[in-house]
Amino acid sequence: MNAAASEIIFETRSVTKRYPGTLALDNVTFQVHRNQVNVLIGENGAGKSTLMRILAGVETADSGQLLLDGAPIRIRSPREAAAHGISIVHQELSVLPNLDISENIFAGREPVRAAVLLDRTREDLKAADALSKLRMPMPVRTPAAQLSLGRRQIVEVARTLDRGAKVLILDEPTSALSTVETDSLFQVIEDLKRSGVTILYISHRLHELLHLGDWFTVLRSGRIVGQAPRAEVTRQWIVERMSGRPASDAPPPPTSFAAASILLEVQHLALSAASLDEAAQAPLHDISFNLRKGEILGIYGLLGAGRTELLESLAGARPLLAGKVSLNNADTQISSVTNAVRQGIVLVPEDRQHDGLIPEMSIRENIAIGALNGPFISKSQQLAQVHRLVSDLNIAARNLELPVTSLSGGNQQKVLIARCLMRNPTLLLLDEPTRGVDVGAKAEIYLILRRLAAKGIGVLFTSSEIEETRILADRVLVLCQGRITAEFARAEITDESLFSAASPVVDAPPIPYPGAQLA
């Protein structure tokens, strides 16, 4: 093997994959460079996930070759892929909610003593060590069902790394992580590179790709349209090859809301102990803020700051211990999700696969169920409204009777927004509004939210991406350990100011749970 060939650990040659009516991969030849971060980029539907599933043994190609260290191999199952040292962490996680953290990390590989007895002590110690290496210690007996999406992501990464992969495929690994957790993962990736692990990395976050990547490959419509080392890659190079059109970084224009009346006022909100679980680290304390009609208000914070808890409490999913919520200058009792919806408050959840979409239903049905609990409309009116929203939101669907899972991630997210709009909301809440969607779909969602705000709808969103927060928000509140620590107008938002306000003070005393004094 010559020097150039020795730099390539894994390779596809002329790989093609067809589905009914779709050519997902078209004669793809792709090289993975040894001990490097190999970035694979493309819009939703470009073929990235199909290619990764073939490499990981989840699917097989119709034609073409796979080569490992220059030798042809066949991969017909994830077990065969793992035997070759190839592992994948999927974007849609496979953490088992009925098992705790330790059990999830070692599922199917449980340590035993005397050849037959489960050694829970050893399992817990190994799990704690795996999480420590990821710089994310957690109580290892915590049930996975109680973990946030970000923490389940960490468990999934820990489980895969423990298997000792030579080639590790990470599909959107930071989609639910905050800046701190993302930085920790990047440090782990650098450690893995030094220890001889090759990384294949998929993400829609261009800033992290440019920071992390060593080699870049761009897919569009199932074909390779660009390959280059980091020294030759710029943001413009990526976007133009992904989209096939010139790049534009112009953010959407701000809305004019300064003279508008106050839509939402929150005073001294706190969560009750019944709203929390063992994994919760920062319940909400004394939260007060307001939101004007037509304003887009961002909530920024690190993982565990209380962002999701805040939105879910306003959406009626978590009971309050204390506080007052006013909508259009009228005191509002939010006792349930149904009650919140009837008052015009709707939530687009963080995890669209588990908490939002109903995969057994069609695209039309997933949108139309938004009309439930609202004023009665006929089926013909309902269908007309669905078609109008599909057009207004530019949802790319050939047939609305197809399963919602047939859509790309960005279009699935727009389906959830359309469902919310079926309810004619006054206040739209969005938890990570562009998680796992490509750069083109992000821009479309930003413009959708701007148009809604221009109609007077209040928009309140959370994001773990500083760049997204800076681009989209008219104003930002920063949460840290369950409290608001800063507020910034649009012109004041910087990476440094947001991160500084979101970072907990070292050696600060822990904030007690609300209601702890009653225990």
Side-chain angles (χ1 to χ4, degrees), residues 9-10 28 30-52 55 88-91 150 153 157 167-193 197-220 223-249 251 408-410 432 434-443 445-446 463-471 495 499:
I9 186 173
F10 198 24
V28 170
F30 169 59
Q31 295 178 327
V32 179
H33 294 256
R34 190 184 307 274
N35 301 344
Q36 302 286 296
V37 175
N38 298 263
V39 168
L40 185 63
I41 320 166
E43 294 188 339
N44 287 107
K48 306 184 305 296
S49 295
T50 300
L51 180 57
M52 291 306 99
L55 301 186
I88 185 170
V89 175
H90 295 278
Q91 179 183 354
Q153 182 85 281
V157 172
V167 177
L168 178 62
I169 304 170
L170 300 175
D171 188 359
E172 297 285 354
T174 65
S175 61
L177 304 186
S178 67
T179 302
V180 168
E181 287 74 38
T182 296
D183 288 345
S184 294
L185 181 61
F186 286 0
Q187 293 171 18
V188 169
I189 288 172
E190 291 297 327
D191 292 343
L192 291 171
K193 283 170 56 178
V197 176
T198 299
I199 308 295
L200 229 171
Y201 196 94
I202 302 172
S203 177
H204 293 303
R205 298 180 174 184
L206 301 190
H207 61 285
E208 74 180 33
L209 296 180
L210 290 168
H211 169 75
L212 190 65
D214 299 308
W215 287 87
F216 289 72
T217 301
V218 184
L219 269 173
R220 187 172 74 243
R223 296 181 177 180
I224 300 289
V225 294
Q227 297 184 81
R230 174 64 183 91
E232 299 175 12
V233 172
T234 64
R235 180 186 177 92
Q236 182 176 352
W237 183 94
I238 294 173
V239 174
E240 290 183 352
R241 282 157 182 78
M242 282 178 63
S243 63
R245 56 186 181 271
S248 173
D249 288 328
S408 67
E432 299 284 357
T434 64
R435 175 181 174 263
V437 307
D438 64 59
V439 64
K442 275 189 178 186
I445 290 172
Y446 294 163
S463 179
S464 55
E465 293 188 49
I466 289 182
E467 181 181 24
E468 176 166 274
T469 303
R470 187 177 61 245
I471 288 174
D495 293 8
F499 185 72

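Keep in mind the model is a prediction, meaning the values are calculated, not measured.
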Rounded distance [0.5 Å steps], CD1 in Ile238 versus CG in Leu209: 6.0 Å
Test salt bridge (Lys or Arg N to Asp or Glu O under 4.0 Å) applied to Asp191 - qualifying residues, sequence neighbours left out: Arg135, Arg194
Separation of Arg241 CZ from Leu219 CG (nearest 0.5 Å): 13.5 Å
Minimum-distance pair of heavy atoms, taken over all atoms of Thr469 and Ser463: OG1-CB, 3.7 Å
Close side-chain approach of Ile189 and Tyr201, heavy atoms under 4.5 Å: yes
Sole candidate of Leu168, Ile169, Val167 that passes side-chain contact (heavy atoms from CB on, under 4.5 Å) when paired with Ile199: Leu168
Atom pair CG (Asn38) and CG (Leu170), whose distance is rounded to the nearest 0.5 Å: 11.5 Å
Shortest non-hydrogen contact from Pro173 toward Ile202: CD-O, 3.6 Å
Any donor-acceptor pair under 3.5 Å from Arg230 side chain to Leu210 backbone: yes
Backbone of Val37 reached by a side-chain donor or acceptor of Asp214 within 3.5 Å: yes
Inter-residue atom distance Leu200.CG - His33.NE2, 0.5 Å rounding: 10.5 Å
Ionic contact status for Glu467 with Arg235, cut-off 4.0 Å: yes
Lys442 side chain to Thr434 backbone, donor-acceptor under 3.5 Å: no
With sequence neighbours excluded, residues passing salt bridge (Lys or Arg N to Asp or Glu O under 4.0 Å) with Arg223: Asp26
Minimum heavy-atom distance between Ser49 and Asp171, given as atom pair plus value: OG-OD2, 3.9 Å
Aromatic plane relationship, Trp237 with Phe216 - under 30° parallel, 30 to 60° tilted, over 60° perpendicular: perpendicular
